[in-house]
Amino acid sequence: MSASIHLEATLFSGQSFAWTQQDGIYQAVLNQELVSFTEESFHTVVSSNPQLRHYFDMDWEYEKALSHLSSLDGHLSEAIQSYRGIHILNQDPWEVLMSFLLSQNNNIKRIRSMYQKLSEVYGAHIEGPWYAFPRPQHLQGVTQRELRALGMGFRAPYLLDAIQNHAILAGIPLLSDQKASEELQTIKGVGPKVALCILAFAYHRQQAFPLDTWMLKVMKTYYPGRDASYFAPYAALAQQYLFHYERTQGGRS
DNA sequence: GGCCAGGCCCCAG
DNA sequence: CTGGGGCATGGC
């Protein structure tokens, strides 16, 4: 059993936009159900629930991966020391697809608020202020005008194309990384970077190494001339540490 | 109040 | 194949 998961760094490092944290309570709707826990109750809540165990990826080889990555270089080792316990979640592919369509030329705060907006307007009501993220069938018939009125901006047509072609997602597990990426990119608004985020955060492909503006800066500064292969076979996990570290303290005075 | 954000589309060369 | 403008919006 792996040591400890770093809940805050895992849930707020830009791989999921479903979570809130207030007064020490983490909450989100998963599988049409409200999930709540604190740092103290997390293990009790999760260990008795196989679906949550899988969602939080509690049985993967994090010890082995971190031991390897820490040996690579000082910068990565520092990022790992700072946030040891980041897990890569096994999220629903549909929600990850939609989330990262929203992500382009956008910031994490606003991605989260747009995700919540779609949930409140089109998703099933769960309880109190909580809504599930809408399934594709809940979004049939939605128009571009509606989506733009909700503030989705130029991403509206991309969301519509994803709604029409969501069936692509079911076939992704059968494909190689390369073929899977090409298949995802047949959806409008999905380019190389968004495809890699989907492969990493929904399909747990460890070779996926998405490069956004932050990661481009990291690579230029600390890893000139290198690429994902340097971090193999744990590129996705390395990327998540480097991304989060850069956005929080790394490089800041 | 301008700059920037987990980019991509589209069109020129 | 590569480069660069345009794109909606709001947080800061």
Side-chain angles (χ1 to χ4, degrees), chain A residues 8-20 79 83 86-89 91-118 120-121 133 142-165 168 181-223 227-228 231 235-253:
Chain A
E8 185 176 21
T10 297
L11 298 177
F12 298 98
S13 56
Q15 49 174 324
S16 170
F17 306 96
W19 291 88
T20 65
Y83 292 110
I86 293 182
H87 282 207
I88 294 191
L89 304 169
Q91 300 181 74
D92 178 78
W94 164 249
E95 295 184 13
V96 176
L97 165 62
M98 295 292 274
S99 297
F100 282 89
L101 281 174
L102 297 177
S103 79
Q104 62 171 278
N105 203 29
N106 208 348
N107 60 68
I108 290 181
K109 270 229 165 70
R110 199 161 79 99
I111 298 166
R112 177 170 282 110
S113 87
M114 291 164 84
Y115 178 97
Q116 298 295 349
K117 175 69 80 176
L118 289 177
E120 286 166 20
V121 174
F133 189 80
V142 171
T143 66
Q144 185 174 154
R145 178 181 297 276
E146 275 179 70
L147 292 176
R148 284 184 181 267
L150 290 177
M152 300 301 142
F154 66 85
R155 305 166 190 84
Y158 304 156
L159 298 176
L160 291 177
D161 198 59
I163 293 166
Q164 290 315 113
N165 296 301
I168 283 176
S181 173
E182 290 171 11
E183 181 78 352
L184 289 169
Q185 288 183 58
T186 62
I187 297 171
K188 275 204 189 71
V190 178
K193 190 271 174 183
V194 167
L196 289 172
C197 284
I198 298 169
L199 289 178
F201 303 141
Y203 296 97
H204 215 263
R205 300 283 179 110
Q206 279 302 309
Q207 308 88 308
F209 194 69
L211 294 173
D212 72 313
T213 55
W214 296 93
M215 278 302 297
L216 286 174
K217 194 169 75 175
V218 170
M219 294 306 286
K220 186 173 178 181
T221 305
Y222 300 99
Y223 302 98
D227 62 14
F231 304 99
L237 186 62
Q239 181 276 156
Q240 201 54 21
Y241 273 99
L242 292 170
F243 172 80
H244 189 55
Y245 188 60
E246 183 68 18
R247 278 180 32 86
T248 52
Q249 58 207 56
R252 228 60 55 82
S253 56

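Chain naming here is simple, since letters A, B, ... match the order of the sequence lines and numbering starts at 1 in each.
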Handout entry: Residues which pass ring-ring contact (aromatic ring centres under 6.0 Å, His included) with A/Y158, listed by chain and number, not counting sequence neighbours
Key =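 A/Y158 satisfies ring-ring contact (aromatic ring centres under 6.0 Å, His included) with no other residue.
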Handout entry: Distance-minimising heavy-atom pair for A/A228 and A/A235
Key =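 Closest approach of A/A228 to A/A235: O-CB, 3.9 Å.
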Exercise for the section: Might you point out which heavy atoms bring A/S99 and A/F17 nearest each other, and give the distance in Å? Expected result: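 Shortest heavy-atom contact: CB-CD1, 3.6 Å.
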Practice task
Please measure how far the P atom in C/dG6 lies from the corresponding atom in B/dC3, and state the result in whole Å.
Solution key: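 Pairwise P distance, C/dG6 against B/dC3, rounds to 15 Å.
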Handout entry: Gap in Å between the two P atoms, one belonging to C/dA8 and one to B/dC10, rounded
Key =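 Roughly 12 Å separates the two P atoms.
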Exercise for the section: Assign A/S16 to base, sugar-phosphate, or nothing according to its heavy-atom contacts below 4.0 angstrom with the strands shown. Expected result: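 No contact.
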Provide a list of protein-nucleic acid N or O atom pairs under 3.5 angstrom, restricted to nucleotides 3-5 of chain B.
residue : atom : partner : partner atom : Å
B/dA5   : O3'  : A/N106  : O            : 2.6
B/dA5   : N7   : A/N105  : OD1          : 3.1

Practice task
Please determine which of A/K117, A/M152, A/M114 meets the side chain to side chain contact (heavy atoms under 4.5 Å, CB included) test together with A/L147.
Solution key: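 Answer after filtering A/K117, A/M152, A/M114: A/M152.
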Fill in the blank from the handout: Expected string for nucleotides 8-13 of chain B under the B/S/- scheme (protein heavy atoms, under 4.0 Å, primed atoms plus P, OP1, OP2 as sugar-phosphate) is SS----
Practice task
Give the stems involving DNA chain B, where a stem is 3 or more consecutive Watson-Crick or G-U wobble pairs (i with j, i+1 with j-1, and so on) under 3.5 Å.
Solution key: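 So the stems come out as B:2-5 with C:9-12, B:7-13 with C:1-7.
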Handout entry: Residue pair A/L89 / A/L11, side-chain heavy-atom distance below 4.5 Å
Key =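 In contact.
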What pairs meet the salt bridge (charged side-chain N to carboxylate O under 4.0 Å, His left out) rule with one or both residues in [range], with sequence neighbours excluded?
range: residues 154-165 of chain A; value: none
range: residues 188-207 of chain A; value: A/D177-A/R205
range: residues 104-113 of chain A; value: none

Exercise for the section: Tell me whether the centres of the aromatic rings in A/F209 and A/F243 are closer together than 6.0 Å. Expected result: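 Ring centroids of A/F209 and A/F243 are no less than 6.0 Å from each other.
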Handout entry: A/Y83 and A/T248: side chain donor to acceptor below 3.5 Å
Key =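 There is such a pair between these side chains.
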Handout entry: Side-chain donor-acceptor contact under 3.5 Å, A/T186 with A/E182
Key =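 No pair is found: no donor N or O on one side chain lies under 3.5 Å from an acceptor on the other.
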Problem - A/F231 and its ring pair (Phe, Tyr, Trp, His ring centres under 6.0 Å) partner, picked from A/Y222, A/Y223, A/Y241 - result: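 The single option meeting the ring pair (Phe, Tyr, Trp, His ring centres under 6.0 Å) with A/F231 is A/Y223.
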Exercise for the section: Write down the distance between NZ (A/K217) and C1' (B/dG7), rounded to a whole number of angstrom. Expected result: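 Distance, rounded to whole Å: 17 Å.
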Handout entry: Selection: residues 196-203 of chain A, any non-hydrogen atom under 4.0 Å of DNA chain B
Key =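 Going residue by residue through residues 196-203 of chain A, the ones with a heavy atom under 4.0 Å of DNA chain B turn out to be A/F201.
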Practice task
Shoot me the first and last contacting nucleotide of DNA chain C against chain A, ordered 5' to 3', at under 4.0 angstrom to non-hydrogen atoms.
Solution key: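 So the contact region on DNA chain C extends C/dC7 to C/dC12.
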Problem - Sequence-distant partners of A/Q144, side chain to side chain contact (heavy atoms under 4.5 Å, CB included), two or more places apart - result: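 Result, side chain to side chain contact (heavy atoms under 4.5 Å, CB included) vs A/Q144: A/R148, A/A156, A/P157, A/L160.
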Problem - Test side chain to side chain donor-acceptor pair (under 3.5 Å) applied to A/T10 - qualifying residues, sequence neighbours left out - result: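 With neighbours one apart ignored, the set is empty.
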Practice task
For A/E8, check side chain to side chain donor-acceptor pair (under 3.5 Å) against everything at least two apart and list the hits.
Solution key: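 Per chain and number, A/E8 pairs via side chain to side chain donor-acceptor pair (under 3.5 Å) with no residue.
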